[in-house]
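Down below is the structure, laid out as structure tokens.
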Amino acid sequence: MSLPRLSAAWMEAVLGAPVPAEPRATCADCAMCRPAKPETPAFSPGVKCCTYQPSLPNFLVGAALADPGTTAHARAALLRRIADRRGATPLYLERTPAEEADQEVGKAGYGQDPSLLCDYYDGGLCGMWAHRDAVCATFWCLSERRAIGMRLHMATKRLLGRVEELLAIWNVRALLPTRVGALVHLDDRPRRYALGELAGSRTGDALRPSTHRRVWGPWLGREEAFYRACAERVTPLSWADVRAIGGDALTGALAEVADARARLDAPIPAVLCLGNADRVTLPGGVGLVTERVPDDPLVVPAVVLDALALFDGRLVAEVLALAPAVGPWLRALVDQEVLGPPDGADVPARDRPTGALSPDDTLAVFRNFRASPLASQLDISPDGDVTWALTCGTREVRADAPDTIRLLRHVERGARGFRAGDAAAILDGGWPAAAVFLTGLVDAGFLQRRPPGPPTHIP
Ligand code: SF4
Ligand code: SF4
């Protein structure tokens, strides 16, 4: 199992090594048809993870059409979508707006619903395997290095996705310069048909004929030839060429890959701290899951589970002196992101104030020593009921009363630190109610108490 040839060569140049193989993702006998966690919906062997319609950049469409290895089914599907103007723009052979909506709404049927199956799926296999886009090429349901392996895959996906955007635009600038304004945003982002960003294109599945004529210009009626010409331009590019074309637009994504790569190679740190990890009961014992690997529990012995609380900011050597059985599990616990080095933003447990919460205490969102992202979402039910949800890592807090919603929004704004007493003016019940609410969030691992002054906990 590997990346497609072009992206494999580019990533090998970026990483200085091949992208790690993922033997735990046994695609021929799909691992997700037998998920480890009983609560995880099993994939159907007839669709596996291909309940997804990719948006292929112009050069991958051309490469797939030019490759005799592309199956007859996939080739016919590519040509049919082009002929039907179904997302066929000079930048991409895209998902349609309806398919884009399915990707969100259809999450419930992901891995199961045959109506969501990719057009290029051919009898249990990908019909254009050698030319998959960044999303398909970097999707692994299970990683040998677990959560930190997933970090590398996600970073690779973002890098290759940005490369695809920039090269698709690079082709349009060269082959269709008069249509750049219609196809590219001023900040060098493609105008996506699937997202309704092509003016006048929202007429359902097919591009409106007038829009189709306008964006294809001199290549109208020769769309397949255009895609093939794009492939001929991109196929010989080395990573140095791609880097020069992408310029500063690739800097952020490259830094993310470098960070993910460094985590794979990093030695076990001198201090490790325990973040939030959910425990799941399995037939073979208790497993630990974290946000990047919610369906891939790491099963550890009870003696290791019991010792996790010792990772409170003290040296790993001290923990091992007290609980030597943890030693052989350290690497796996770091890989699963159950344990992480103190990152300067979170306070190790032993350094947090204890006792009853005081109005003068400082609280902050606990980011799990791995900078777990904080996200909020407003839901309005058909009956008009409003719920505000705040999530960080595997923890979620919900509120549906106006004052608790206001308080959660205050927590979000003050994620890096806020005075506990300020919540008293927000909740109807004043400080007593605020203290109960905030203490609950601390106990649930959503908030952490911070000592006064700047962080001093990193040895
Ligand atoms: S990557 Fe997809 S096909 Fe392969 S094992 Fe995982 S879910 Fe199954
Ligand atoms: S392009 Fe291939 S790998 Fe991607 S969803 Fe379609 S069939 Fe699956």
Side-chain angles (χ1 to χ4, degrees), residues 1-8 19-37 40-65 67 69-82 86-88 92-96 99-100 102-103 106-107 109-147 149-150 152-154 156-157 160-161 164 194 227 231 292-297:
M1 284 181 286
S2 58
L3 288 176
R5 187 182 63 78
L6 261 185
S7 36
V19 174
E22 292 296 7
R24 296 179 67 220
T26 51
C27 302
D29 177 22
C30 176
M32 291 309 287
C33 294
R34 303 174 308 281
K37 245 172 80 179
T40 305
F43 283 10
S44 156
V47 298
K48 301 192 274 191
C49 55
C50 290
T51 47
Y52 166 82
Q53 186 62 38
S55 287
L56 301 171
N58 49 28
F59 58 94
L60 288 183
V61 181
L65 289 170
D67 184 351
T70 299
T71 68
H73 170 88
R75 180 185 307 281
L78 289 163
L79 292 174
R80 192 167 53 246
R81 289 181 79 95
I82 295 170
R86 291 185 70 218
Y92 284 87
L93 188 53
E94 276 200 66
R95 284 196 287 273
T96 64
E99 288 165 341
E100 180 75 20
D102 274 348
Q103 302 301 322
K107 284 293 177 199
Y110 184 65
Q112 296 166 327
D113 183 351
S115 75
L116 300 175
L117 195 55
C118 172
D119 275 6
Y120 315 127
Y121 190 78
D122 188 0
L125 297 172
C126 176
M128 44 161 290
W129 179 251
H131 310 288
R132 288 162 293 146
D133 75 339
V135 175
C136 291
T138 59
F139 179 84
W140 304 109
C141 55
L142 302 172
S143 173
E144 194 75 1
R145 296 294 303 273
R146 296 179 171 271
M150 289 300 184
L152 180 64
H153 295 317
M154 293 302 291
T156 303
K157 178 175 82 170
L160 291 178
E164 287 176 356
Y227 289 133
R292 279 185 186 76
V293 282
D295 295 315
D296 187 13

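Atoms within each ligand, like the ligands themselves, are counted from 1 in listed order.
- Counting only distance, with no hydrogens or angles, the side chain of Tyr227 and the backbone of Tyr92 share a donor-acceptor pair below 3.5 Å.
- Counting non-hydrogen atoms of other residues, nucleotides and ligands closer than 6.0 Å to CZ of Arg34 gives a total above 12.
- Checked by atom type and distance alone, the side chain of Glu164 never pairs as donor or acceptor with a backbone atom of Asp133 at under 3.5 Å.
- The main-chain N or O of Pro54 is never found under 3.5 Å from a side-chain atom of Arg132 such that the two would form a donor-acceptor pair.
- Here the protein contributes Cys136 SG as N, O or S atoms under 2.8 Å from atom 4 (Fe) of ligand 2.
- Counting atoms of ligand 1 from 1 in the listed order, those under 4.0 Å from a heavy atom of Met32 are 7 (S).
- Using modelled atom types, no side-chain atom of Arg24 and backbone atom of Glu144 make a donor-acceptor pair closer than 3.5 Å.
- Set against the non-hydrogen atoms of Ala31, the atoms of ligand 1 under 4.0 Å away are 5 (S).
- Interface of Phe43 with ligand 1, defined as ligand atoms under 4.0 Å from a residue heavy atom, comprises 7 (S).
- Between the side chains of Gln112 and Ser44, not a single donor N or O lies within less than 3.5 Å of an accepting N or O.
- Between the side chain of Thr70 and the main chain of Ala64, a donor-acceptor pair closer than 3.5 Å is present.
- Residue-level proximity to ligand 1 for Leu142 is absent, since no heavy atom of it falls below 4.0 angstrom.
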>> Does Asp119 form a side-chain contact (heavy atoms from CB on, under 4.5 Å) with Gln53? I'd like the steps, not just the answer.
In response: CA-CA 7 Å; Asp119 275 6; Gln53 186 62 38; 3.7 Å; yes
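- Distances from atom 4 (Fe) of ligand 1 show that Cys141 has no N/O/S atom below 2.8 Å.
- Close approach of ligand 1 to Thr26 is summarised as follows: ligand atoms under 4.0 Å from at least one heavy atom of the residue are 5 (S).
- Of the possible polar contacts, one joining the Arg81 side chain to the Glu94 backbone as a donor-acceptor pair under 3.5 Å is found.
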